[in-house]
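Below you'll find the structure, written out as structure tokens, and then a few comments.
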Amino acid sequence: MIREEIEACLRAALKAARFPEPAAGIALAPADPEKGHGEWASTVAMQIQKAVGRRPREIAEALKTEIEAAPPPHFDRVEVAGPGFLNFFLTPGWLHDVLVDVVVAGDRYGRGESLAGRRINLEFVSANPTGPLHAGGGRWVAVGDAIANLLAAQGAVVHREYYVNDAGSQLDSFGRSLFARYEGREPPEDGYRGEYLVEMAARLRAELGDGVTETEAQEWGSRAVVEQIREDLERIGVHFDTWFSERALHEGGEVAEVIRELDERGYVYEQDGARWVRTSAFGDQRDRVLVKSDGSPTYLVPDIAYHRDKFARGWEHLIDIWGADHHGQVKSLQAALEALGYATGEPEIILGQLVKLERGGELVRLSRRAGDIITLADILDEVDPDVARLTFLLQGIDTAQTFDLDVVTSQSMENPVYYVQYAHARIASIARKAAERGVTRRPLEEVDLSLLQHPRELELLRALAAYPDAVAEAAELRAPHRVTTWVRDFARAFHGFYRDCRVIGDDDELTQARLWLAEACRIGLADALGLLGVSAPDEMARLDPDDADDADDPDGNDGAQPA
RNA sequence: GCCCCCGUAGCUCAGUGGACAGAGCGGCUGCCUUCUAAGCAGCGGGCCGGAGGUUCGAAUCCUCCCGGGGGCGCCA
């Protein structure tokens with residue numbers, strides 16, 4: 001890889017010039033050739049100016065001399081610029097090497113080893129089984145699945161897990177509400193008042209008939225909801241390896257065991273009739289109640305037991321994805337696990353800001369209890385899973401997302417999913433056309449890749465070169481939207497190439513080189529879309545201009561008043 | 001009062017210390033006899049919320065302030 005080559009060259013130059021290596025490592029990053037900065041730029045001269053005690057430009061000049069004496073591969077020239085940048089200008093051969101790398105690696109291109117062999121348990125979604133998944137929850141579905149893919153792309157063994165809270169007071173409330181509907185009554189004020197319980201009660205009666213008890217109703221209901229959630233997740237293409245029952249923790253004695261163990265370790269005390277755990281000893285803002293004065297455990301206890309169970313099942317690192325509305329619980333759980341002797345910071349908790357739904361420029365309230373709920377299934381009734389997924393993956397999870405139902409459900413150009421899928425369809429179309437004309441790719445080593453000199457071609461190869469880093473960073477930062485950003489940039493580069501560079505043309509040699517370039521693009525784009533859980537179609541339906549006009553003009557938009 | 005996240009173009013958002021800050025959408029203008037125009041190109045559009053500080057260098061790090069969202073239960 002060229003980065004390592006340039007880095008080695010810089011290291012040798014530092015040594016030859018008797019300069020120290022920066023402690024933080026030699027800074028080297030892709031540059032922008034269009035700005036005249038060359039292909040790769042290093043700020044090493046600025047990094048070491050203090051240690052050397054000379055001006056960065058002077059240092060850079062000295063390094064330049066050494067670099068020229070022993071240059072990296074594909075070296076054209078190196079320039080000193082600005083305050084002391086070292087800009088490496090390379091011949092396009094380095095990019096032709098990238099093309100070969102991509103093709104040789106195939107679907108392993110972009111894979112890394114930073115998590116090789118790590119056994120990671122990733123828990124996400126875990127919505128209470130008291131109603132269907134709401135639309136905003138789709139964010140955790142898409143983000144969680146993509147993070148799982150990213151961790152696996154870095155070599156981890158990843159287990160997708162869903163924690164089913166089939167015990168506790170929320171479920172009791174749900175059971176009471178369902179039972180009320182079953183008996184034709186209104187649910188309690190503080191119960192679940194959504195319409196879906198009316199339908200569910202009807203199904204309950206159809207399946208179990210009369211004489212169902214409240215306990216049976218709750219039992220049947222939570223099972224039916226879990227089944228529904230599982231089907232919705234199936235529709236969007238997400239599969240969990242384990243559906244873990246909270247009740248099993250109670251019944252198996254693990255909940256009681258956690259309390260006993262914390263007690264044995266000396267972190268439990270009594271106060272005001274309740275039993276508390278001293279989480280403040282491990283960084284929590286205050287201690288927490290373990291057992292209420294009525295003798296029942298708080299939610300925290302099964303939560304601790306659950307994470308302990310994950311470790312017991314052989315997972316060495318735990319990651320949970322939670323909505324930001326639970327951020328106050330992070331420290332308590334981590335502190336309790338630390339009290340039990342597990343590593344600090346376990347589980348790692350990824351907090352995501354919540355989703356706001358908007359329609360016709362107005363916020364749509366999301367409340368499972370109130371009843372005006374928009375479910376993930378509702379979204380999937382209107383758009384295909386690719387649109388839903390990519391929309392959730394457009395931005396970082398540190399920002400609250402506004403999910404505009406009008407935009408998402410319209411087949412308009414505001415939907416980036418079509419833009420990126422179209423790039424893939426165009427690649428497939430080129431392949432089809434080539435086959436039609438009887439043009440086949442010759443073995444790569446017989447093809448003259450040096451014919452690829454067009455700015456569009458080089459831009460595309462630079463994007464491919466950047467892909468492995470984009471994936472590695474996305475995995476490290478648990479930030480799948482970085483892959484989305486890469487895909488959008490890449491699609492832009494491809495569309496430009498497609499427009500300006502005809503692949504199948506009169507020049508056989510150039511056609512060969514471009515067919516291989518298209519193949520490398522297919523590999524990269526298909527892989528990236530795969531990480532995001534978005535399909536890579538070979539064809540796109542032709543968009544009817546009339547439909548597009550309709551889609552672009554949703555009701556309720558501010559616009560010019562009619563005359 | 002305390003804790004977490006955010007504030008970047010008209011709108012939605014990228015940009016985890018580097019060179020004149022980017023994209024999409026919207027607006028205006030061009031480009032289809034040739035691999036699907038769900039495309040490409042151009043034009044316009046910015047005190048990066050504000051003030052200090054650290055640094056050779058800050059949208060990025062620190063402090064304070066302002067604004068928005070979320071959370072501070074013997075609910076989950």
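Computed from a predicted model, the values in this text were never measured in an experiment. For the numbers below, each heavy atom of this structure counts, side chains included, while hydrogens, waters and symmetry mates do not. Below, chains carry the letters A, B, ... as their sequence lines are ordered, and counting in each starts from 1.
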Does the side chain of [X] reach to within under 4.5 Å of the side chain of [Y], using non-hydrogen atoms?
{"X": "Arg57(A)", "Y": "Phe85(A)", "value": "no"}
{"X": "Arg514(A)", "Y": "Glu457(A)", "value": "yes"}
{"X": "Asp172(A)", "Y": "Arg176(A)", "value": "yes"}

[options]: which one has an atom nearest the side-chain heavy atoms of [X]?
{"X": "Asn165(A)", "options": "A76(B), A14(B), A37(B)", "result": "A76(B)"}
{"X": "Thr399(A)", "options": "U16(B), C74(B), A14(B)", "result": "A14(B)"}
{"X": "Ile430(A)", "options": "C35(B), G24(B), A38(B)", "result": "C35(B)"}
{"X": "Lys433(A)", "options": "C75(B), C35(B), U16(B)", "result": "C35(B)"}
{"X": "Lys50(A)", "options": "C5(B), C56(B), C35(B)", "result": "C56(B)"}
{"X": "Gln353(A)", "options": "G69(B), A23(B), C74(B)", "result": "G69(B)"}

Pi stacking test for His481(A) and A14(B): under 5.5 Å apart, planes under 30°: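 No, His481(A) does not stack on the base of A14(B).
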Determine: side-chain N/O of [X] to OP1/OP2 of [N], distance under 4.0 Å, yes or no.
{"X": "Arg482(A)", "N": "U16(B)", "result": "yes"}
{"X": "Tyr419(A)", "N": "C40(B)", "result": "yes"}
{"X": "Ser42(A)", "N": "G18(B)", "result": "no"}
{"X": "Lys292(A)", "N": "A76(B)", "result": "yes"}
{"X": "Gln170(A)", "N": "A76(B)", "result": "no"}
{"X": "Lys35(A)", "N": "G22(B)", "result": "yes"}

So that I can tick it off, tell me whether Arg522(A) and Glu519(A) are bridged by a salt bridge, with the cut-off set at under 4.0 angstrom between side-chain N and carboxylate O.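 Arg522(A) and Glu519(A): salt-bridged.
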Reckon [X] touches a base, only the sugar-phosphate, or nothing at all at heavy-atom distances under 4.0 Å?
{"X": "Thr485(A)", "value": "sugar-phosphate"}
{"X": "Arg456(A)", "value": "sugar-phosphate"}
{"X": "Gly323(A)", "value": "nothing"}
{"X": "Gln49(A)", "value": "base"}
{"X": "Ala41(A)", "value": "base"}
{"X": "Thr484(A)", "value": "nothing"}
{"X": "Arg288(A)", "value": "nothing"}
{"X": "Glu358(A)", "value": "nothing"}
{"X": "Ala81(A)", "value": "base"}
{"X": "Leu171(A)", "value": "nothing"}
{"X": "Arg514(A)", "value": "nothing"}
{"X": "Asp294(A)", "value": "nothing"}
{"X": "Glu473(A)", "value": "base"}
{"X": "Glu436(A)", "value": "nothing"}

Please name the pair of heavy atoms, one in Pro20(A) and one in Val52(A), separated by the smallest distance, quoted to 0.1 Å.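 Nearest pair, atom of Pro20(A) first, then Val52(A): CD-CG2, 3.7 Å.
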If I compare all heavy atoms of Leu525(A) with all of His424(A), which pair ends up nearest, and what's the gap?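 Where Leu525(A) meets His424(A) most closely, the heavy atoms are CD2-N, 3.5 Å.
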Suppose you measure atom [atom1] in [N] against the same atom in [M]; what distance do you get, rounded to whole Å?
{"N": "C2(B)", "M": "A9(B)", "atom1": "P", "answer": "30 Å"}
{"N": "G17(B)", "M": "A58(B)", "atom1": "P", "answer": "14 Å"}
{"N": "C20(B)", "M": "C48(B)", "atom1": "P", "answer": "14 Å"}
{"N": "C43(B)", "M": "C25(B)", "atom1": "P", "answer": "16 Å"}

Could a donor-acceptor pair under 3.5 angstrom be found where the side chain of [X] meets the base of [N]?
{"X": "Asp32(A)", "N": "A19(B)", "answer": "no"}
{"X": "Arg499(A)", "N": "C31(B)", "answer": "yes"}
{"X": "Ser293(A)", "N": "C74(B)", "answer": "yes"}
{"X": "His327(A)", "N": "C5(B)", "answer": "no"}

By the rule that syn is within 90° of 0, classify the base conformation of C61(B) as syn or anti.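 C61(B): anti.
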Candidate pair Trp140(A) and Ile147(A), rule side-chain contact (heavy atoms from CB on, under 4.5 Å), full reasoning: CA-CA 10 Å; Trp140(A) 317 130; Ile147(A) 289 178; over 6 Å; no
Taking pairing as Watson-Crick or G-U wobble with both contacts under 3.5 Å, can you name the mate of G24(B), or confirm there isn't one?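 C11(B) is the nucleotide pairing with G24(B).
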Once you apply the 3.5 Å cut-off to both distances, tell me the Watson-Crick or G-U wobble partner of U60(B), or none.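 Across all strands, not a single nucleotide pairs with U60(B).
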Under 3.5 Å, is there a donor on one side chain and an acceptor on the other for Asn87(A) and Glu79(A)?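 Judged by distance alone, the side chains do not pair up.
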